[in-house]
Amino acid sequence: MAERVVTMAIGPLVSMLKDKASSYLLDQYKVMEGMEEQHKILKRKLPAILDVITDVEEQAMAQREGAKAWLQELRTVAYVANEVFDEFKYEALRREAKKNGHYIKLGFDVIKLFPTHNRVAFRYKMGRKLCLILQAVEVLIAEMQVFGFKYQPQPPVSKEWRHTDYVSIDPQEIASRSRHEDKKNIIGILVDEASNADLTVVPVVAMGGLGKTTLAQLIYNDPEIQKHFQLLLWVCVSDTFDVNSLAKSIVEASPNKNVDTDKPPLDRLQKLVSGQRYLLVLDDVWDNKELRKWERLKVCLQHGGMGSAVLTTTRDKRVSEIMGADRAAYNLNALEDHFIKEIIEARAFSSKKEKPIELVEVVDEIVKRCCGSPLAATALGSVLCTKTSVKEWKAVSSGTSVCTDETGILPILKLSYNDLPAHMKQCFAFCAVFPKDYKINVEKLIQLWIANGFILEYKEDSPETFGKHIFDELVSRSFFLDLEESKDYSGYYSSTCKIHDLMHDIAMSVMEKECVVATMEPSEIEWLPDTARHLFLSCEEAERILNDSMQERSPAIQTLLCNSDVFSPLQHLSKYNTLHALKLCLGTESFLLKPKYLHHLRYLDLSESSIKALPEDISILYNLQVLDLSYCNYLDRLPRQMKYMTSLCHLYTHGCWNLKSMPPGLENLTKLQTLTVFVAGVPGPDCADVGELHGLNIGGRLELCQVENVEKAEAEVANLGGQLELQHLNLGDQLELRRVENVKKAEAKVANLGNKKDLRELTLRWTEVGDSKVLDKFEPHGGLQVLKIYKYGGKCMGMLQNMVEIHLSGCERLQVLFSCGTSFTFPKLKVLTLEHLLDFERWWEINEAQEEQIIFPLLEKLFIRHCGKLIALPEAPLLGEPSRGGNRLVCTPFSLLENLFIWYCGKLVPLREAPLVHESCSGGYRLVQSAFPALKVLALEDLGSFQKWDAAVEGEPILFPQLETLSVQKCPKLVDLPEAPKLSVLVIEDGKQEVFHFVDRYLSSLTNLTLRLEHRETTSEAECTSIVPVNSKEKWNQKSPLTLMKLRCCNSFFGPGALEPWDYFVHLEKLEIDRCDVLVHWPENVFQSLVSLRTLLIRNCKNLTGYAQAPLEPLASERSQHPRGLESLCLRNCPSLVEMFNVPASLKKMTIGGCIKLESIFGKQQGMAELVQVSSSSEAIMPATVSELPSTPMNHFCPCLEDLCLSACGSLPAVLNLPPSLKTLEMDRCSSIQVLSCQLGGLQKPEATTSRSRSPIMPQPLAAATAPAAREHLLPPHLEYLTILNCAGMLGGTLRLPAPLKRLFIMGNSGLTSLECLSGEHPPSLESLWLERCSTLASLPNEPQVYRSLWSLEITGCPAIKKLPRCLQQQLGSIKRKWLDARYEVTEFKPLKPKTWKEIPRLVRERRQACRS
């Protein structure tokens, strides 16, 4: 059978046109005056087209060329006609606004904003357009009859939505069972490579839809993987394997995405992974057939720690061969038939209580057509879910092509798309505007559907409700996946989803060239076709790309979504007059658009822009439905005439911290559903008062700020919780009101805002604490879930019992949480936060609790901070619960509590007493103390009176059976720790030394240990005992799982009496040692045992000298290198340190600071004494190069070292043998350093070892070095970043710059005289050059290449530099950031531009005079 094609549903487009042509506004404002006859004819002919549209679309799907051509022409005509009727509608809205006085407010600007406001001119222009449309429609109808298209009734758009149950099926659960062996195998490969220094690449290959991404997700989220790798990164590659874009995406997928944003992406990537064991998942790689691209990326990725791995998924075997050249690809097999059948039945029968036998029998036949693809099974099951008869099921089976290697599962996915109702096809196909793997905001997606007219208005439901039904239906049919709900830092909730890449291919094939996605700068000149209607841009300089493209072409763009910052104005603005939806992030304070070209705009997203204000003429956007200004941090006002934007439904202003007021007349916006922040300004004619919200039925989130200025309105404010119903505006989602202190007496009736049925979150904010009783009788309605109150000045509050979350902060006079007469139970409360309640001392007003009441039965998170008078947590009575054999006594005030944080509560003595719980055990019952049976995270800080973990029975330790994280900080009286068999993270800050002896009970489960104990000048021998007691060592057969250990004042680990078995910590990867006074010698026995150590930090160890402990220790050059796998070393503030230990070859990063006696950084080097002696005598006999110093086997140090930072090492005379691998070198306050030298010999990589690179670093005769100025310093050949700070007499002579150098910072130096390029080498191309207070520096490089890429330049306080090199002068105009002394500014090169030849001599004279001055 011929494969059916997917086509765009044209029917909804024609239906949209029919609705626009029938709009009541056209008649009400007579905008079609003089065109009535054409209007009537068009309204009669459109239904005739709709009568046959279903038949035409079916013929087009069957690949009948005539039908396809006719549909294409109809689509073109329908688009143009819709644009024409948009103009009619806008004219009607304009006349309505004029009638309501908008013209008077706009003043003389009206002429510029409405150049065609003359009715005669409008009638003439629009009459011609309407006639052309009518002629085109008549031609289509004539062709319709020739082709013989038949009447076929369109299925009505259903208003009865079936209850989809897509959450009842857990695809991850089925995938976990079906791919268990695959997951186990790949995890084994990744974990087994832990000691591999090379990058491990594991390609997973299979055809599309077989579950590669799902398998990768299972591996990525597996606890063993999460624990094994220090850094996990996930990036979807999809269409284009562009190295820089991919490197940027990887960095932005990490927690450090905002670090070093000004650096090149590959440099950022290299720094991100450096020294860390990471797992990078590159999902859906299929355009990487060029080895050089992968090699460029791999060079950066190889800087990760040992055991780092890349897991890739791809459909292309050639890609896997390139990326995983050293390892065979992991071929993912088809899913077994019984799993496919399970998926189909789960989808097909999800809404049916029973499985009809006759339908089940058809499933086996359908299973064979899926060829083991879970995506195909899910798609077919979703199609079958809407069918009820055997005939329909068999039709689906017979109409489905069997999956093959050539077609994959696309035929099944096309069937799934074709089975959609027409209006859903249009909505889904629009999603082609988003890139693959893009996280789509569900709320924004529905608003974009509405803005483009895909969702028609119905009296029964709002467009948003109808759009949500469509989205849910598409989810149930598996068109959307990975639904997530998240909350941003301001507390605003949002839901996101994704589209499977194969489903995205279907959408793209439907939209053809109507959707254009550009995630990087397009290479083709004609990347933007005239047929484009929806455009997504997320590349750099998007405005330049748009301006260049729009200059040549004129597409009728309806949607423009720009995900990158825009800094310059868009040009050719008149070509954007068809826009319905626009998203821009403006990087300037001014508004770069002209509203007069945006009349048809329905959706405007300016979130996170830098604008300070919106122009007044934006109020002429009468069609605008959505205005998103969230997180516009500099925005301080809204347009005063916003009340005329009567179509506005959603206004997002959260995160606009500088917004001072709201515009007046908001009660006119009767369609408003969402208002996230209301700022009540000082009353005045240009400012809305809160009373204007009287007509709003607010839903979602509401914040009122500065409530103290609501004068004499306590009773009305109490109505926030419940009396009057706001009736006209149905506000949904979240609303925040600020600066409520500006609300005066007459406006107090606004207080009924809290009784709205859709209100989910309410915030009340005072700017300062004052006397208030506003909330004494506060009674919010039952639907309110989240209550946040800041700086309320009352002593108690009303009824809060129905809350799910309560946050009280800065309510300094609040004494009790529960007033008299209220119930003591909070049956729904899950989160309770109490902060800065300075007078809070009791949980209720009376002294005893009511009997038989559990206060917090569902509480999951409890945060208490700065409640200085609070003595104890609330208690509850012992209750009898039935159990086998009788009752048991239990107390469950916190039975579900998972997170407990108590900070700065000085009077809190114990945690509440543990209950007596009878648990069965062999031989009877035993008493177990478990006050917090579900607690996972416990953090205690600055509890001055907290001494012990109280228990009901003396001598019985309290038990936290589920506790995973325990943090105890600044609790000076606490001397023991509780039982917690599952504890994995333990943090003790400023703890007693005695606490040390309780740590051993957690060693079998701990992965993260931080012990920062109190400092004692002397350490008794009793304290220097092992953390693992002798009796414990015998029972620990396995090694400790600890990977991170931070120790401060823990002399017991390193003292003379310490018996610490360091080989017990074989998994330790990071060790920090702080203020260990007993540490004198390098603990080489410790280093030898820590075989997994990657990061070592030692600081504030005042007695550490570094000399080997054994008197007969061999020379440093002969000693073994430990720890062998160390990659990062940091030494700070060890003032006695003289000698380094023999660092291992694996080291990549070294930081040394505040080690004032350190004499060498690479062990005890021969020749150092001679160098020190020479440096202390006459500078005139300083060796010219390091080659004059004795050579030793130690010359080749740290072949992997890339970063070296030295600060405040005043005794360091030289830095010798810098490894060629070094890329970053920083020196600060190291004034004694007189020589920098790079290792000689064959450590350079082959490509770097050229005759050119060797020639300049050959030794010079000693006679040549007769003065400091003759001295030359040799930098590593791959150095990219060099910083020299506050080193007054350091490095006299010439500093030669290697070719890769990008950034050079020298500040506070009085030794260097000249900067030069290496002779014979390609000159460097600097990006940043900062020279400040370099008193002796007189010469800069004169090669143009050095300054060609410069974007940041500072030369200040360098008196010896008399003038800048000419090639640098010529570049000054193109350097973005520069700070120069005044004498350099006048020499800035500007090309001569004489108007006549006679002016040339004068200009030359002026130029010469400027140069002399």
Single hit among Leu648, Asp605, Leu638 for side-chain contact (heavy atoms from CB on, under 4.5 Å) with Leu627 = Leu648
Tell me whether the guanidinium CZ or amine NZ of Lys444 lies under 6.0 angstrom from the six-membered ring centre of Phe434 and within 45° of its axis.
-> no
Quick one: does Ile618's side chain get under 4.5 Å of Leu604's, heavy atoms only?
-> yes
Looking at side-chain heavy atoms only, is the closest gap between Ile620 and His599 below 4.5 Å?
-> yes
Closest approach of Phe536 to Val433 (non-hydrogen atoms, all atoms of both residues) | CB-O, 2.9 Å
Heavy-atom pair of closest approach, residues Val786 and His807 | CG1-CD2, 4.4 Å
Is the closest side-chain donor-acceptor distance between Glu464 and His650 under 3.5 Å?
-> yes
Hey, what do you get for CG (Leu582) to OG1 (Thr559), rounding to the nearest 0.5 Å?
-> 9.5 Å
Taking the side chain as every heavy atom from C-beta outward, state whether Glu91 and Tyr29 have any pair of such atoms under 4.5 Å apart.
-> no
With no hydrogens and no angle check, is any side-chain donor or acceptor of Ser619 less than 3.5 Å from a backbone partner on Glu616?
-> yes
Which atoms form the tightest heavy-atom contact between Asn633 and Gly655, and what is the distance?
-> OD1-O, 3.2 Å
Could you give me the CA-CA distance, side-chain angles and deciding distance for Gln785 and Met803, then say whether side chain to side chain contact (heavy atoms under 4.5 Å, CB included) is met?
-> CA-CA 5 Å; Gln785 297 179 5; Met803 296 295 105; over 6 Å; no
Less than 4.5 Å apart, any side-chain heavy atom of Leu606 and any of Phe591?
-> yes
side-chain hydrogen bond (donor to acceptor under 3.5 Å, both in side chains) test vs Asn452 passes for just one of Arg533, Gln558, His580, namely Gln558
Looking at side-chain heavy atoms only, is the closest gap between Ser647 and Leu624 below 4.5 Å?
-> no
May I ask you to test the Tyr576-Leu593 pair for a side-chain heavy-atom distance under 4.5 Å?
-> no
So how far is it from Tyr492 OH to Tyr652 OH, rounded to the nearest 0.5 Å?
-> 4.5 Å
Parallel, tilted or perpendicular for Phe428 and Phe480, by the 30°/60° rule?
-> perpendicular
4.5 Å side-chain heavy-atom contact, Ser809 and Lys788 | no
With distance as the sole test, does Trp449 use its side chain to make a donor-acceptor pair with the main-chain N or O of Cys427 at under 3.5 Å?
-> yes
